[in-house]
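Below is one structure, written out as structure tokens, with a few remarks after it.
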Amino acid sequence: MPLNPSSFLLSSSLRRSLLASVVVRKVSPTAAAALSPMASASTVAAENGAAKPTERQPVQVAKRLEKFKTTIFTQMSMLAIKHGAINLGQGFPNFDGPDFVKEAAIQAINAGKNQYARGYGVPELNSAIAERFLKDSGLQVDPEKEVTVTSGCTEAIAATILGLINPGDEVILFAPFYDSYEATLSMAGANVKAITLRPPDFSVPLEELKAAVSKNTRAIMINTPHNPTGKMFTREELEFIAALCKDNDVLLFADEVYDKLAFEADHISMASIPGMYERTVTMNSLGKTFSLTGWKIGWAIAPPHLTWGVRQAHSFLTFATCTPMQAAAAAALRAPDSYYEELKRDYGAKKALLVNGLEDAGFIVYPSSGTYFIMVDHTPFGFDNDIEFCEYLIREVGVVAIPPSVFYLNPEDGKNLVRFTFCKDDETLRAAVERMKTKLKKK
């Protein structure tokens, strides 16, 4: 399917609002000289008539990336600041991670662990990842040959795609999808196919998926629990996808960053499905589970023949990941089971708070079995599409949500939907709910 250039475009009023949020300050030639010698020289030359000021040049970007604008997360966060809106859009917590993990990072820094780490991860973290994976999936992996530490899961995704996908290869995604997938596949020169998951339960259309697999299909990429819908892939769906991969010699890339935020059922790792480990790259990270998204510690687990490609790409993307944070990540992954139980319990309460509030405000709320996201239908409020509604929500109500049409190859598939996150403290969630209940009116 050709990529739709409009999928990342915002409405004209939203674009104007974003541009208006950038403050341009005029400075005198004297001030410019003090601030920048280069600016001073060009300014003086222009004033003397020797040259004209440089005209604004059009932005330059490679064709493979020209359809991708500033990410929707950045745009919405900018608007949240501009309008003083409560940000339930971007999925980062507004509370801090656990003290024992932060203390481990401080100890590592003070112990002098501040130089380049081994490219594929410090031994203690690789071992901790392997231990955690054994507990979670029942699979024993070699930490030295099958675990690669990356700078966040986003880099694990990039290393996997750039290391294992060739130009012209076909990769199947499930829409809506995390925007990094499509952008990175574009950089790899891949052809993207998308299977749309539709409300209310966002189940996989199995026969449609089967028909989409062709002789050119190199990989299928899944995200479970699924951002942005909150869906968890069922065992039946995973086994069906596994059979397709095995029958057609297709790889499977599994983004499992929300595996510890599974509320309605236990998370099933795709690599644990019989016959799938040998063709699966499992990607995960520290940030979501430990509320430390700024640390950017991720990893990819794969058999040696796939790890080779992942590591080759990783070597020329970031080479290595922050050394002291890796030491702290090892301590985090060895946390007792009680930590994960408390995490799930706390997020379960936040989810209930937001779900009840959204229903009271008049949204049609779809089930969310995992992640910290909730997908809703905004059409009771009478707006034509998700972008118009989200503009109104920020400007008039003071709450930020994400318009998910940007996560589809065909934006029309997502125009009735809006994504909210509940990874915020209870006070923030209550304040946002109160604003929506008070100011939103059905049409």
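The figures here come from the full heavy-atom set of this structure, side chains too, leaving out hydrogens, waters and symmetry mates.
- Between P228 and F202, every side-chain heavy-atom pair lies at or beyond the 4.5 Å cut-off.
- A cation-pi geometry, defined here as NZ or CZ lying under 6.0 Å from the six-membered ring centre and within 45° of its normal, does not hold between K288 and F92.
- The shortest distance between side-chain heavy atoms of F95 and S291 falls below 4.5 Å.
- Environment of CG in D266: sparse, with no more than 12 heavy atoms of neighbouring residues, nucleotides or ligands closer than 6.0 Å.
- Counting heavy-atom neighbours within 6.0 Å of E236 CD, excluding the residue itself, gives a total of 12 or less.
- Each of F420, Y347, Y258 was evaluated against F373; a single residue qualifies, Y258, per the ring pair (Phe, Tyr, Trp, His ring centres under 6.0 Å) test.
- Residue K210 places its NZ atom among 12 or fewer non-hydrogen atoms of other residues, nucleotides or ligands, all under 6.0 Å distant.
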CA sep, side-chain torsions, deciding dist, call: Y181, F253, ring pair (Phe, Tyr, Trp, His ring centres under 6.0 Å): CA-CA 11 Å; Y181 300 166; F253 301 155; 9.9 Å; no
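- Ring-centre distance between Y339 and F290: below the 6.0 Å cut-off.
- Residues satisfying the ring-ring contact (aromatic ring centres under 6.0 Å, His included) test with F381, not counting sequence neighbours, are F363, F389.
- For the pair I161 and L185, the minimum side-chain heavy-atom distance is below 4.5 Å.
- At most 12 non-hydrogen atoms from other residues, nucleotides or ligands lie less than 6.0 angstrom from CD of E427.
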Side-chain atoms of residues 296-305: list all donor-acceptor pairs with protein atoms under 3.5 Å, sequence neighbours left out, distances to 0.1 Å.
unit_1: H305; atom_1: NE2; unit_2: E278; atom_2: O; d: 3.0

